[in-house]
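Notes to accompany the following structure.
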Amino acid sequence: MGTSKTTGKPFNFWTCCDKACGTNLTDNNGKPGSKQEAPQLSEHKCPDCGKPLIHRVKEGAGGYNFWGCSGFKDGSCKSSFQDDDGKPGDKQEKKAAPPPSEFKCPKCKKPLYRRQGISQKTNKPYDLYGCSDRACNAIYNVKEDGKPDFDGAKKGGQK
């Protein structure tokens, strides 16, 4: 079982320890299941590096539909593009991380980041402090004075 670096949610799968192999299998109640097919390279080329783009689609909750550079896996290119009716569209610009606040996480002592915006999932505004250490993943509400609420109820199941 692993944990997604982007969502923090657990996922299960089996993978070959030989990096050259790259075989991934689904998890079937603690045993290797069916083979997960490798994403198909498209005829569309990344305008940043020239490698083929891969159309990535996931249906349902937490789904996505975008085009990513095949150079992502080896770390050579992180470009991604919106889907435009089955073709790569505009480049998706990554949001810059907010600057760290003057507050430290009481759990791990790393800096907290204040995050504000509109949730894509619920379309509701959020305002919170999150730990900069993804392994810690502590999240704190914001008090009226703009400081983190270390004593109050914490979001994300943290106590």
Side-chain angles (χ1 to χ4, degrees), residues 1-28 30-105 107-123 126-140 155-158:
M1 183 164 95
T3 304
S4 168
K5 291 180 181 179
T6 56
T7 66
K9 295 180 181 177
F11 59 89
N12 295 325
F13 67 94
W14 294 79
T15 188
C16 181
C17 60
D18 181 357
K19 285 187 179 185
C21 173
T23 298
N24 290 320
L25 306 173
T26 60
D27 182 71
N28 186 8
K31 296 179 183 175
S34 60
K35 184 175 181 179
Q36 293 178 328
E37 296 301 320
Q40 298 297 311
L41 302 178
S42 75
E43 71 277 5
H44 302 287
K45 302 291 182 196
C46 177
D48 295 335
C49 73
K51 292 183 179 179
L53 295 177
I54 299 170
H55 190 191
R56 305 231 183 233
V57 180
K58 179 184 172 193
E59 302 291 330
Y64 47 80
N65 184 3
F66 71 96
W67 293 79
C69 182
S70 58
F72 184 87
K73 189 172 182 178
D74 67 17
S76 63
C77 184
K78 304 284 186 188
S79 295
S80 63
F81 305 85
Q82 296 173 4
D83 181 66
D84 185 12
D85 290 327
K87 297 183 289 189
D90 293 335
K91 187 172 183 176
Q92 294 178 328
E93 299 298 329
K94 300 286 182 195
K95 287 194 258 181
S101 71
E102 70 267 23
F103 305 108
K104 303 285 183 202
C105 177
K107 190 173 167 186
C108 71
K109 309 299 183 223
K110 301 266 174 77
L112 293 176
Y113 289 92
R114 186 165 183 181
R115 302 184 187 281
Q116 298 171 302
I118 304 291
S119 169
Q120 291 180 346
K121 198 173 198 177
T122 64
N123 204 30
Y126 61 86
D127 187 7
L128 54 89
Y129 280 97
C131 184
S132 58
D133 184 349
R134 288 192 183 265
C136 175
N137 206 28
I139 300 172
Y140 303 94
K155 297 182 180 194
Q158 303 290 325

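- The salt bridge (Lys or Arg N to Asp or Glu O under 4.0 Å) analysis of residues 80-91, with sequence neighbours excluded, yields the pairs Asp48-Lys91.
- Here the side chains of Cys136 and Cys105 are in contact, with some heavy-atom distance below 4.5 Å.
- Minimum heavy-atom separation, Asp133 to Cys108: CB-SG, 4.2 Å.
- Without hydrogens or angle criteria, Ser132 side chain to Lys110 main chain gives no donor-acceptor distance under 3.5 Å.
- Taking every heavy atom of both residues into account, Pro88 and Phe81 meet most closely at CB-CB, 4.4 Å.
- Atom OG of residue Ser101 and atom CG of residue Leu112 lie 5.0 Å apart, to the nearest 0.5 angstrom.
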Practice problem: Report the C-alpha separation of Ser80 and Cys69 in whole Å, then their side-chain angles, then the decisive distance to 0.1 Å, and conclude whether the side-chain contact (heavy atoms from CB on, under 4.5 Å) test is met. | Solution: CA-CA 6 Å; Ser80 63; Cys69 182; over 6 Å; no
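- Residues Phe66 and Gln82 are not in side-chain contact: their nearest non-hydrogen atoms beyond the backbone lie 4.5 Å or more apart.
- No more than 12 heavy atoms of other residues, nucleotides or ligands lie within 6.0 Å of CZ in Phe72, so this atom counts as exposed by the packing criterion.
- The aromatic rings of Trp67 and His55 lie parallel to each other, their planes meeting at an angle below 30°, with 60° marking the opposite boundary.
- In this structure, Cys77 and Cys46 have side chains that are in contact, with non-hydrogen atoms separated by less than 4.5 Å.
- Remark: side-chain polar atoms of Ser70 are not paired, donor with acceptor, to backbone N or O of Lys51 under 3.5 angstrom.
- With rounding to the nearest 0.5 angstrom, the CG atom of Leu53 is 8.5 Å from the OG atom of Ser79.
- The shortest heavy-atom contact between Asn137 and Cys131 is N-CB, 4.4 Å.
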Exercise. I would like to know whether Arg115 and Tyr129 meet side-chain contact (heavy atoms from CB on, under 4.5 Å); could you show each step before the answer?
Key: CA-CA 6 Å; Arg115 302 184 187 281; Tyr129 280 97; over 6 Å; no
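- Distance check: Glu102 CD to Arg114 CZ gives 10.0 Å after rounding to the nearest 0.5 Å.
- Gly50 and Lys45 get closest at one heavy-atom pair: O-CD, 3.3 Å.
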